[in-house]
Amino acid sequence: MKHVLVISTSLRPGSNSDMLANQFIEGAKAAGHSVEKISLVGKNIQFCKGCLACQKLGKCVIDDDANKITEKVLDAEVVVWATPIYYYEMSGQMKTLIDRMNALYSLDYKFKEVYMLTTAAEDAPETPKRAETGLTGWIDCFENVRLAGTLFCGGVNDAKDIEGIEKLKMAYAMGKNV
């Protein structure tokens with residue numbers, strides 16, 4: 001059994017990426033894993049100031065929700081990011097949170113597997129590639145951590161457009177196979 005942390009970065013009610021995340025969670029739970037979901041809705045996450053004090057302190061000097069989320073990432077064995085694709089890139093709130101997790105580099109993190117779930121109005125296969133590259137830039141900073149899987153669902157623009165689409169079953173299967 002693994003401890004899985006799912007971070008849903010969309011701020012929109014009924015978000016398609018959040019619905020993918022929920023199906024991944026159901027699959028992971030069905031496989032017997034312990035799963036926790038964090039939604040960034042209502043979270044206060046400020047921009048990184050680049051002071052690097054986190055490298056000495058083991059946490060950021062900015063007292064907001066990013067430190068609490070970073071602590072949960074530290075204890076997770078699997079980290080799952082769910083994000084809408086905006087202008088062919090991850091959501092700004094996801095990037096801001098990743099920047100704020102700089103303290104993790106010097107700590108004893110447990111995660112070895114990272115997954116990425118993405119949705120977008122654009123349906124071209126290359127649509128999620130920049131977001132994946134951005135996430136792998138973060139992953140590459142950690143020893144023995146890998147991007148274990150990605151799932152992209154394009155052609156979904158409005159909230160809940162993803163309902164009834166086969167990609168939801170694929171997200172469930174991905175979660176079940178963690």
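All heavy atoms count here, side chains included; hydrogens, waters and symmetry mates do not. In this chain, residues are counted from 1 in sequence order.
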Heavy-atom side-chain contact between [X] and [Y] under 4.5 Å:
X   : Y    : answer
I98 : W81  : yes
S34 : K2   : no
D75 : K110 : yes
K37 : N22  : yes
F24 : Y115 : yes
V4  : E36  : no
M1  : E77  : no
M19 : T119 : no

- Query: Would S39 and S8 count as having a side-chain donor-acceptor pair, cut-off 3.5 Å?
  - Reply: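 No - no donor-acceptor pair under 3.5 Å links their side chains.
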
- Task: For the residue pair F111 and W138, categorise the inter-ring angle as parallel (less than 30°), tilted (30 to 60°) or perpendicular (more than 60°).
- Result: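 Rings of F111 and W138: parallel, as their planes differ by under 30°.
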
- Could you state the interatomic distance from NZ (K59) to CZ (R100), rounded to the nearest 0.5 Å?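 It comes to 11.0 Å.
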
- Partners of F152 by ring-ring contact (aromatic ring centres under 6.0 Å, His included), sequence neighbours excluded?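 F152 satisfies ring-ring contact (aromatic ring centres under 6.0 Å, His included) with no other residue.
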
- Item | Contacts of K167 that satisfy side chain to side chain contact (heavy atoms under 4.5 Å, CB included) - sequence neighbours left out |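 Listed in chain order: L20, L151, C153, I165, M170.
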
- Message: How about OH on Y88, more than 12 heavy atoms from neighbouring residues, nucleotides or ligands closer than 6.0 Å, or not?
- Response: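 No, OH of Y88 has 12 or fewer neighbouring heavy atoms, counting only those of other groups under 6.0 Å.
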
- Which residues pass the salt bridge (Lys or Arg N to Asp or Glu O under 4.0 Å) test with K112, sequence neighbours left out?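 Residues passing salt bridge (Lys or Arg N to Asp or Glu O under 4.0 Å) with K112: none at all.
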
